[in-house]
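Some notes on the structure that comes next.
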Amino acid sequence: MATAEIIIFLVIVIISAAPMVILGLVQYRSKEPVGFWSGQKPPKREQITDVKAYNQKHGIMWILYGAGFFLCFMLIIPLGEKFVLIAVMLGAAECIGGIFVMIWYHNKLNKRYFRTDNEITKRS
């Protein structure tokens with residue numbers, strides 16, 4: 001692979017993956033409950049049983065998703081041009097499959113950390 005191709009591909013990967021990693025770091029360190037869906041308001045503090053764990057797990061989820069893009073890029077460099085198609089297919093599978101895994105995991109976290117309506121009423 002030519003140096004120019006590597007640089008262009010790296011810039012594209014950084015533009016694509018860096019926001020996800022940064023979002024993950026921000027969510028990991030957040031003191032207030034974080035949201036997952038774009039435009040969705042995050043839950044209220046009293047709706048979550050353990051805000052710190054809830055945020056950290058969401059943050060790690062985003063960091064791993066962004067890191068997957070970097071991993072696909074890193075596979076191309078040592079394997080060479082013959083494996084670019086395989087790496088691109090892995091990247092596409094990680095991108096699309098990762099979204100479904102993140103939705104599943106977000107729903108799992110909601111089931112684990114959201115208080116029931118009875119618990120919220122008792123706290124009020």
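What's counted below: heavy atoms across the whole structure, side chains too, no hydrogens, waters or symmetry copies.
- Atoms OG1 and CD1, from Thr3 and Ile7 in turn, are 6.0 Å apart once rounded to the nearest 0.5 Å.
- With rounding to the nearest 0.5 angstrom, the OG atom of Ser30 is 12.5 Å from the NZ atom of Lys52.
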Test log, rule side-chain contact (heavy atoms from CB on, under 4.5 Å), inputs Thr49 and Phe114: CA-CA 6 Å; Thr49 58; Phe114 261 72; over 6 Å; no
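- Contact check for Pro42 versus Val34: no side-chain heavy atoms found under the 4.5 Å cut-off.
- Under a 3.5 Å cut-off, the side chain of Gln47 and the backbone N or O of Lys44 do form a donor-acceptor pair.
- Ion pairing between Glu46 and Arg115 fails under the 4.0 Å rule for side-chain N and carboxylate O.
- Looking only at side-chain heavy atoms (C-beta outward), Leu109 and His58 come within less than 4.5 Å of each other.
- For the atom pair CH2 of Trp62 and CZ of Phe36, the computed distance is 5.5 Å after rounding to the nearest 0.5 Å.
- At a threshold of 4.5 Å between side-chain heavy atoms, the hydrophobic network of Ile, Leu, Val, Met, Phe, Trp and Tyr places Val51 and Leu23 in one connected group.
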CA sep, side-chain torsions, deciding dist, call: Tyr28, Asn55, side-chain contact (heavy atoms from CB on, under 4.5 Å): CA-CA 5 Å; Tyr28 187 89; Asn55 289 351; over 6 Å; no
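- With values rounded to the nearest 0.5 angstrom, Met20 atom CE is found 13.5 Å from Leu25 atom CG.
- Follow the hydrophobic side-chain contacts under 4.5 Å out from Ile22 and you never reach Ile15; the two are in separate clusters.
- Taking each heavy atom of Val21 and Ala67 in turn, the nearest pair found is CG2-N, 4.2 Å.
- Tracing side-chain contacts under 4.5 Å through hydrophobic residues (I, L, V, M, F, W, Y), one reaches Val13 starting from Ile63; they form part of the same cluster.
- Here the straight-line distance linking atom CZ of Phe69 with atom CD1 of Ile12 works out to 12.5 Å at 0.5 Å rounding.
- In this structure, Tyr105 is a member of the same hydrophobic cluster as Tyr113, with clusters built from ILVMFWY side-chain heavy atoms closer than 4.5 Å.
- Nearest heavy atom pair, residue Gly66 against residue Ala17, reads O-CB, 3.4 Å.
- No single ILVMFWY cluster, assembled from side-chain heavy atoms under 4.5 Å apart, contains both Phe9 and Leu71.
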Worked check of side-chain contact (heavy atoms from CB on, under 4.5 Å) between Tyr54 and Asn110: CA-CA 8 Å; Tyr54 180 79; Asn110 284 347; 2.9 Å; yes
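- Of the inter-residue distances, the one linking Met61 atom CE with Ile103 atom CD1 reads 9.5 Å to the nearest 0.5 angstrom.
- Using modelled atom types, one side-chain atom of Tyr65 and one backbone atom of Cys95 make a donor-acceptor pair closer than 3.5 Å.
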Verdict with supporting geometry, Arg112 and Lys57, side-chain contact (heavy atoms from CB on, under 4.5 Å): CA-CA 11 Å; Arg112 182 173 182 185; Lys57 289 180 180 179; 2.9 Å; yes
